[in-house]
Amino acid sequence: MMFKDKKFVLGVCGGIAAYKSAELCSWLRKEGAQVRVVMTQHATEFIAPLTFETLTQSPVYLDLFAPPRAYEMEHISWACWGDAFVIAPATANTIAKMAAGIADDALTTLYLSFEGPVVVAPAMNTRMWQHPATRANIATLEVRGVHIISPETGPLACGEEGEGRLASVRTIVDNLAYLLSQTVTKARTPRAHPETDDTTSFQLADSDGPLSGKTVVITSGPTHEYIDPVRFLTNPSSGKMGCALARAAAQLGATVHLVTGPVNPTVLPEECATIHKVTTAEQMLLAVEALRDKADVFIFAAAVSDFRVDRRIEQKIKRTGNSLTLELVENPDIAQAIGAKKRPDQVSVGFAAETHDVEANALCKMSRKRLDAIVANDVANPRIGFESDDNEVTIYVQNGDKRFISRRPKEDVARAVMEVVVELLQQKQRNKQV
Ligand code: PMT
């Protein structure tokens, strides 16, 4: 059970998504957690406290001034009791009060006295979510360390379509598991580097990891498409995401082959069985094709240049006082080429670097490249994606499953991606047995 012996305070605000809190509450209980619920008065318009009292077998905290059933000051005693305070759904109103430090009801009073991790899963109309006041309040809470689980995009109860739906219960549960895991100390054992026998690197014990016996091929970093001997087309990829994936796969026991474009060598992981350094998209394709038959899993994290010059100019181009026209041709699509020929037992996961229409574009790429899952990141956001140490992604799986991984170090995002890889491999194994 994921949350055995864990204690959650669940805050419920007044919005149509309040009914989903009952599902969240029941999920947490099934995973072994104890749950106590605090509701705003408005939340009771959408769902009865009795529902939560039945699910949690505990009284709901609703009214600051109600006569006590047992003598205790809930806003203090519950604050000490809970391992985490999760507010789902959180309305614009409650978020604003939290940001301003207003404590005029049971939920906001409890928030101010709560010392452990606080998780906020907002749900509201798109325009309310995008309003500068809400954006500023969310930013204030983030700066104070509140973990925000962004709402999803889709049809809203008001009949409109857009960002504002409460994140799925699965996503909220995953995020809670991640947050609580941050406080757990993991046992570490030394492991020798396959080439250098350098025993100074440490990682989680892996001999019976879920990927032991599996071979994982990962593309990473940018490609450089030379125009002349000194100029090239490229992008800002640092290779950090691909290298974090390589480490995460090795920690789960996999034999990892990394195919990387030009990156700072200090980011390259020691845990790989082989590292193939390439420059161009065509070289990257050749390297991946050479590894194709032995791979159980492909992860395409590289930011491959989609275009190259038709004919590379042999000598450095000189200024002539005139404009210069370059004719670009399409590079091979590595993920698509591998997807077209992959065996049914092979898992392939791509990345989607998007600046707009993230979900639609990612789903389209997943289908075109015959991927089992795609990890979408917003590369217009400077705090995540290219070069940054952090990433924030949504993982879309072929079966319709969708997981939002809020901003966190790329190492942790990589672990979340590898969890999906393990599930996909298990699914393929089950399909094979049927
Ligand atoms: O390297 P970092 O600085 O850590 O940054 C990480 C990252 C932003 C590069 C990474 O998280 C990421 O998003 N990688 C994919 C970048 C990309 O090229 O995305 P795309 O949407 O253009 O391509 C979709 C998928 O097809 C990707 O899996 C890509 O590797 C693959 N592809 C694309 C073009 C091509 N010619 N061949 C490919 O295999």
Side-chain angles (χ1 to χ4, degrees), residues 217-225 233-248 258-264 266-269 278-289 291-292 295 297-308 328-342 347-396 405 407-414 416-417 421:
V217 174
I218 299 173
T219 69
S220 175
T223 62
H224 288 182
E225 311 295 336
L233 301 172
T234 191
N235 59 66
S237 171
S238 62
K240 288 179 190 170
M241 189 68 247
C243 292
L245 288 158
R247 263 183 230 105
L258 183 70
V259 180
T260 175
V263 293
N264 182 334
T266 57
V267 302
L268 295 174
V278 299
T279 303
T280 66
E282 287 171 307
Q283 291 168 358
M284 190 172 269
L285 176 63
L286 287 177
V288 176
E289 277 187 331
L291 294 161
R292 187 172 62 206
V297 177
F298 300 96
I299 304 181
F300 302 105
V304 184
S305 175
D306 280 315
F307 299 95
R308 66 177 190 278
L328 300 183
V329 293
E330 276 200 351
N331 259 331
D333 188 316
I334 300 160
Q336 192 163 337
I338 296 293
K341 296 186 201 152
K342 80 173 181 194
V347 165
S348 66
V349 175
F351 271 69
E354 305 298 342
T355 54
H356 59 283
D357 294 336
V358 176
E359 177 160 340
N361 288 330
L363 293 179
C364 179
K365 284 178 187 170
M366 175 159 70
S367 131
R368 192 170 71 240
K369 299 174 194 236
R370 296 193 53 228
L371 300 163
D372 297 287
I374 193 155
V375 182
N377 44 196
D378 179 352
V379 285
N381 181 347
R383 293 161 81 196
I384 60 166
F386 285 125
E387 291 177 302
S388 153
D389 289 339
D390 291 349
N391 211 351
E392 177 173 279
V393 304
T394 302
I395 309 175
Y396 299 93
I405 312 294
R407 183 161 71 89
R408 61 192 65 179
K410 282 181 175 163
E411 270 64 33
D412 294 330
V413 172
V417 172
V421 165

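One-based numbering, in listed order, for ligands and for the atoms of each. It should be emphasised that the depicted structure is a prediction, and the values quoted were computed from it without experimental measurement. Counting begins at 1 with the first residue of the sequence.
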Only heavy atoms of [X], strictly under 4.0 Å: list the atoms of ligand 1 that pass.
{"X": "G239", "result": "1 (O), 2 (P), 3 (O)"}
{"X": "F300", "result": "27 (C), 28 (O), 30 (O)"}
{"X": "G385", "result": "5 (O), 8 (C)"}
{"X": "K240", "result": "1 (O), 2 (P), 4 (O)"}
{"X": "E387", "result": "2 (P), 3 (O)"}

Under a 4.5 Å cut-off applied to non-hydrogen side-chain atoms, are [X] and [Y] in contact?
{"X": "I395", "Y": "I374", "value": "no"}
{"X": "K240", "Y": "D389", "value": "yes"}
{"X": "V278", "Y": "T223", "value": "no"}
{"X": "D333", "Y": "K369", "value": "yes"}
{"X": "V217", "Y": "I299", "value": "no"}
{"X": "I334", "Y": "F300", "value": "yes"}

Next on the checklist: Between D306 and N331, do the side chains contain a donor N or O and an acceptor N or O under 3.5 Å apart?
Outcome noted: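 Per modelled atom types, N331 and D306 side chains form no pair under 3.5 Å.
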Kindly say whether [Y] contributes a backbone atom to a donor-acceptor pair with the side chain of [X] at under 3.5 angstrom?
{"X": "D412", "Y": "R408", "value": "no"}
{"X": "T219", "Y": "A301", "value": "yes"}
{"X": "K410", "Y": "L245", "value": "no"}
{"X": "N377", "Y": "N391", "value": "no"}

Under 4.0 Å from ligand 1, counting heavy atoms only, is it the side chain of [X], its backbone, both or neither?
{"X": "N391", "result": "side chain"}
{"X": "K410", "result": "side chain"}
{"X": "A281", "result": "neither"}
{"X": "D306", "result": "side chain"}
{"X": "M241", "result": "both"}

Checklist entry - Any N or O on K369 sitting closer than 3.5 Å to an N or O of ligand 1? => result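 By distance alone, the answer is yes.
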Item to check | Nitrogen or oxygen of I334 less than 3.5 angstrom from that of ligand 1 | outcome: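 Yes; the residue has a nitrogen or oxygen that sits under 3.5 Å from a nitrogen or oxygen of the ligand.
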Please confirm whether [X] comes under 4.0 Å of ligand 1, counting heavy atoms of the residue only.
{"X": "A352", "result": "yes"}
{"X": "C243", "result": "no"}
{"X": "N331", "result": "no"}

Counting heavy atoms only, which of [options] comes nearest to [atom]?
{"atom": "atom 29 (C) of ligand 1", "options": "A335, A302, G350", "result": "A302"}
{"atom": "atom 19 (O) of ligand 1", "options": "A353, P332, G261, S220", "result": "A353"}
{"atom": "atom 1 (O) of ligand 1", "options": "S237, S305, A301", "result": "S237"}
{"atom": "atom 10 (C) of ligand 1", "options": "V304, T260, I338, N377", "result": "N377"}
{"atom": "atom 24 (C) of ligand 1", "options": "F386, F351, F298", "result": "F351"}

Item to check | CD-OG distance between E330 and S305, expressed to the nearest 0.5 angstrom | outcome: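 Going from the CD atom of E330 to the OG atom of S305 covers 10.5 Å.
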